[in-house]
Number of protein chains: 2
Amino acid sequence: MVQRRTKLNLGNSNIISVNSKVVRSVNRAMILNLIRERQPISRIKISRISGLNKSTVSSIVSDLLNEELIYEKMKEDQNIGRNPLDLYLRLGKYFVGAVNIDSATTRFAIADIDGSLISKSSVPTESSNPEGFVEFCMDNLLGLCEKSSIKNLEAIGVSITGIVDSKNHIVSFAPNIGWENVNIGAIIRKKCPEISNVSVGNDAKSSALAELWFGKHDLNLSNFVFLSIGPGIGSGIVVENRLLEGEYNASGEFGHTTLFEEGNKCVCGNLGCWEAYASERATVARYISKVNNNSGKSVDVIMQDIIELALNKDKVALETLQETGRYLGIGISNIIKSIDPHAIIMGGKIIQVWDVIYPEIIEIVQKRAFSGNAKNINILPTSLKVRPRLLGAATMAIKTIFDDYKITA
Amino acid sequence: MVQRRTKLNLGNSNIISVNSKVVRSVNRAMILNLIRERQPISRIKISRISGLNKSTVSSIVSDLLNEELIYEKMKEDQNIGRNPLDLYLRLGKYFVGAVNIDSATTRFAIADIDGSLISKSSVPTESSNPEGFVEFCMDNLLGLCEKSSIKNLEAIGVSITGIVDSKNHIVSFAPNIGWENVNIGAIIRKKCPEISNVSVGNDAKSSALAELWFGKHDLNLSNFVFLSIGPGIGSGIVVENRLLEGEYNASGEFGHTTLFEEGNKCVCGNLGCWEAYASERATVARYISKVNNNSGKSVDVIMQDIIELALNKDKVALETLQETGRYLGIGISNIIKSIDPHAIIMGGKIIQVWDVIYPEIIEIVQKRAFSGNAKNINILPTSLKVRPRLLGAATMAIKTIFDDYKITA
DNA sequence: ATATGGTTGGTTGTTTTAACCAACTAACTG
DNA sequence: CAGTTAGTTGGTTAAAACAACCAACCATAT
């Protein structure tokens, strides 16, 4: 992969100068991404779409063929003239490793460059010794490789709950597992020096990335917010196809915005956070208090129980989830007004009862939306078929293969 | 100025291919901006900062000298070796026009490329006939030019209250002046066909741009939110030196996020919007209700009156503004958690009583900030000495002279 | 005072890279 | 075999990199 020139951030402009190598790298990345997104696609179509001369396209495509990142195949049923040579991503050649470290479970996967997961495994998260656990994770990942007869990994991506300094591969603050300033990048580089591309990111942000790269919606998503509804609420904000990281890597903490002055106590210590109303934790608490009030005896349930009950038309469960839907709607309205995204994509167990929550969400949002365009907002469950946070880890790794400099106007 | 290649937005990547002209244009823009931000600066320093070879820098600088965008001057007091030739922006050569259309007043200015305003004027806003009024504005602007013996304008920038489609130069929705889908760009192009660069933008967003380009803070601002506190509350979000526009050009409508369920009625029709508590309108209403309760007789004041009273230590005015400060703090806390900016920059009449409101704001924010880093947030009054909205219009225009493609990693 | 080496800033002529261009070949249809 | 579309080849051009050079200054030795 191409070596990058030093990037100097000076005042109001990110200064990156351009030389011929950067030019090639930008155009190569652009063509490779076009093939990824539009396959099958011919050289001539790439030329017309990109504006690059067809001989330039041929030259870059020839490089990509040599690198075995793509392959070509004659198209048969053309109407007139010579048939184009369709280009496709080549699978089965380059692989990446994905790790998702969650408070309870850590999951592993090997993924191909199209985001398909080749093999998976998981272990309980052992957070007391960060360095040892990350090394243990790498052993697990390499074990998966061996099992699948994969000799080496192009890149590794790690997604994790908490605030992550992705630029420096450091987990700054992960209260759920008690980690602070853990340099995951350094640990991995030490353990696996042969793997040059390591990415580390927040789980909700990486889920957003997975949705951006591998989501299947009718929309052309480039501006959206991915909402990860779990015990808490996390999010990833995507603006013009890029993740908004935040100055201190803490963007998208909508879960801790105050919606109710003097409201319910949140795990963060403040009162009235959105999370204290719309998260799984809040939903479960509300359900329990309802049942306890009704029956007098205490119950012990988890989110999945409430969902199953609702799917079986249990009245209290349905009522509880509808309330959660309304609370979700309130917070989502504020997100829409803040960011003005094209869509809100939701992930988490709760999307199993989409039919229950969606009408509540959209009613609130429509009522509160104040501009004509904002009423067009799309609120959708994630289209991903595998766990977004794990695919997100894979996506961060895959991104290092496809991405390079980008040029913007 | 350099002609741009067609930009095709396709799925998840903005496709811009690169050829040698784009390369030159990127490097030229980078050097020109370096001179703008760091002047005086020598060729050799530019070379070292940018990574470009010094011969390349010399070549581009020679172009800029020919275009008379910059000038050079020998530096005298060097320690050792040949003295560098310091490069400076050349003023008095290229000018831009700025128009700020507000609900009551429309202001005009001619600005030099360093953002200094050469001459100014204003008229009452006449909103009933948009096309006629915009043409009238152009006549005013050209009149200012004549008065200052300026032959032509390089660019024109128009900032306006409301939702603006900056890409297409259309005012989509401006309820304050009753405009809807007014194609300002087309009107200006028709009226002044010789002016090729026209920019149109929301007033708060353009204020943010002005702060980004011409603000004087100790901070290196590249991620921040500009809050414009007027009768309502507008904002401009800057992420990595770029304005966040929003899918429907409606980002940053924090003023209409709900902070109080079932709270005060807002002009937008909803209940409990931030704006209904922290804006000038809300402040004035709160002050009036306090005074009426105390004295029994009704009063009629405007925001500036309350500010003057507070500056003269009037107790009720101070109390009212302190309350506004606390409400501001609540909303700002939510912005910080949503966007995670490096700073919040505030504009509007209320910053005249910064000493009154700041302690209230920061107390609330510190209490609610939940992550270590977020506690470092900078909340500051605007550093701009002229009206941000007018300078913002000028900045949009100036930006067209300096900006071109940018390369990001 | 003046020559000289050391140092920094800037220019010039050549080389290299990669995109562009125009003419060509390839492969297909009717 | 003409017409059409896809892709390649060889030469051209633009621009950055490179290396050698010139310019201008200082300190110091003579």
Side-chain angles (χ1 to χ4, degrees), chain A residues 2-3 5-6 15-31 35 40-66 70-87 404-405 407, chain B residues 2-3 5-6 15-31 35 40-66 70-87 404-405 407:
Chain A
V2 183
Q3 190 192 319
R5 169 175 295 211
T6 331
I15 295 181
I16 301 179
S17 60
V18 180
N19 56 22
S20 57
K21 280 184 185 166
V22 174
V23 169
R24 185 66 163 198
S25 139
V26 170
N27 288 335
R28 175 188 174 281
M30 188 209 60
I31 290 179
I35 295 170
I41 187 171
S42 61
R43 290 163 174 80
I44 198 78
K45 270 190 187 159
I46 293 173
S47 166
R48 281 200 273 262
I49 290 171
S50 66
L52 285 172
N53 191 280
K54 55 183 185 168
S55 61
T56 306
V57 173
S58 268
S59 160
I60 291 174
V61 162
S62 150
D63 286 357
L64 295 173
L65 286 167
N66 283 336
I70 61 172
Y71 68 94
E72 61 184 355
K73 203 180 127 187
M74 176 77 82
K75 189 172 193 166
E76 294 294 334
D77 56 330
Q78 189 71 357
N79 284 343
I80 195 173
R82 174 176 172 178
N83 290 351
L85 290 159
D86 273 339
L87 301 170
D404 215 298
Y405 295 101
I407 183 161
Chain B
V2 183
Q3 189 192 320
R5 169 175 293 212
T6 330
I15 295 180
I16 301 178
S17 60
V18 179
N19 57 21
S20 58
K21 279 185 185 163
V22 174
V23 168
R24 186 67 164 196
S25 137
V26 169
N27 288 335
R28 175 188 174 283
M30 188 208 60
I31 289 178
I35 295 171
I41 188 170
S42 63
R43 291 163 174 80
I44 198 78
K45 268 189 188 159
I46 293 174
S47 166
R48 281 200 273 262
I49 290 171
S50 67
L52 286 173
N53 190 281
K54 54 183 186 166
S55 62
T56 306
V57 172
S58 268
S59 160
I60 290 173
V61 163
S62 151
D63 287 356
L64 295 173
L65 285 167
N66 284 335
I70 60 171
Y71 68 93
E72 61 184 354
K73 201 180 130 189
M74 176 77 83
K75 188 172 194 167
E76 295 294 334
D77 56 329
Q78 190 70 357
N79 284 344
I80 197 173
R82 174 177 173 177
N83 290 353
L85 291 160
D86 273 340
L87 302 170
D404 216 299
Y405 295 100
I407 296 257

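Given the structure is predicted, the values throughout are model-derived calculations rather than measurements.
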Shortest non-hydrogen contact from [X] to [Y]?
X     : Y     : value
A:K54 : A:S47 : N-OG, 3.5 Å
B:E72 : B:L87 : CB-CD2, 3.7 Å
A:I31 : A:V57 : CD1-CA, 4.2 Å

Review point. Looking at CD1 of B:I35 and CZ of B:R43, how far apart are the two atoms once the value is rounded to the nearest 0.5 Å?
Key: 8.5 Å

Practice item. Compare side-chain N and O positions of A:R28 against OP1 and OP2 of C:dA18 and report whether any pair is under 4.0 Å apart. Key: no

Check your understanding: Side-chain N or O of B:R43 less than 4.0 angstrom from OP1 or OP2 on C:dT8?
Key -> no

A side-chain contact here means heavy atoms from C-beta on lying under 4.5 Å apart; do [X] and [Y] qualify?
X     : Y     : result
B:L52 : B:I46 : no
A:P40 : A:K73 : no
A:I41 : A:I49 : yes

For [X] and [N], give me the distance from atom [atom1] to atom [atom2], rounded to whole Å.
X     : N      : atom1 : atom2 : value
A:I46 : C:dA19 : CD1   : P     : 14 Å
A:N83 : C:dG30 : CG    : P     : 12 Å
B:L52 : C:dG9  : CG    : P     : 17 Å
A:M74 : C:dA26 : CE    : P     : 13 Å
A:I80 : D:dC1  : CD1   : C1'   : 14 Å
B:I44 : D:dA24 : CD1   : C1'   : 14 Å
B:L87 : C:dG10 : CG    : P     : 7 Å
A:N19 : C:dA19 : CG    : C1'   : 14 Å

Check your understanding: Within the distance-only criterion (no hydrogens, no angle test), does the side chain of B:N27 pair as donor or acceptor with the backbone N or O of A:S17 below 3.5 angstrom?
Key -> no

Practice item. Give a yes or no answer on whether the side chain of A:N83 reaches the backbone of A:K75 with a donor-acceptor pair at less than 3.5 Å. Key: yes

Between the protein and nucleotides 14-17 of chain C, are there any N/O to N/O pairs under 3.5 Å, and if so, what are the atom names and distances?
none

Practice item. Check every strand shown and say whether A:S42 touches a base, only sugar-phosphate, or nothing at a heavy-atom separation below 4.0 Å. Key: sugar-phosphate

Identify all pairs in which a protein N or O lies below 3.5 Å from an N or O of nucleotides 18-22 of chain D, and state each distance.
unit_1: D:dC18; atom_1: N4; unit_2: B:S55; atom_2: OG; d: 2.6

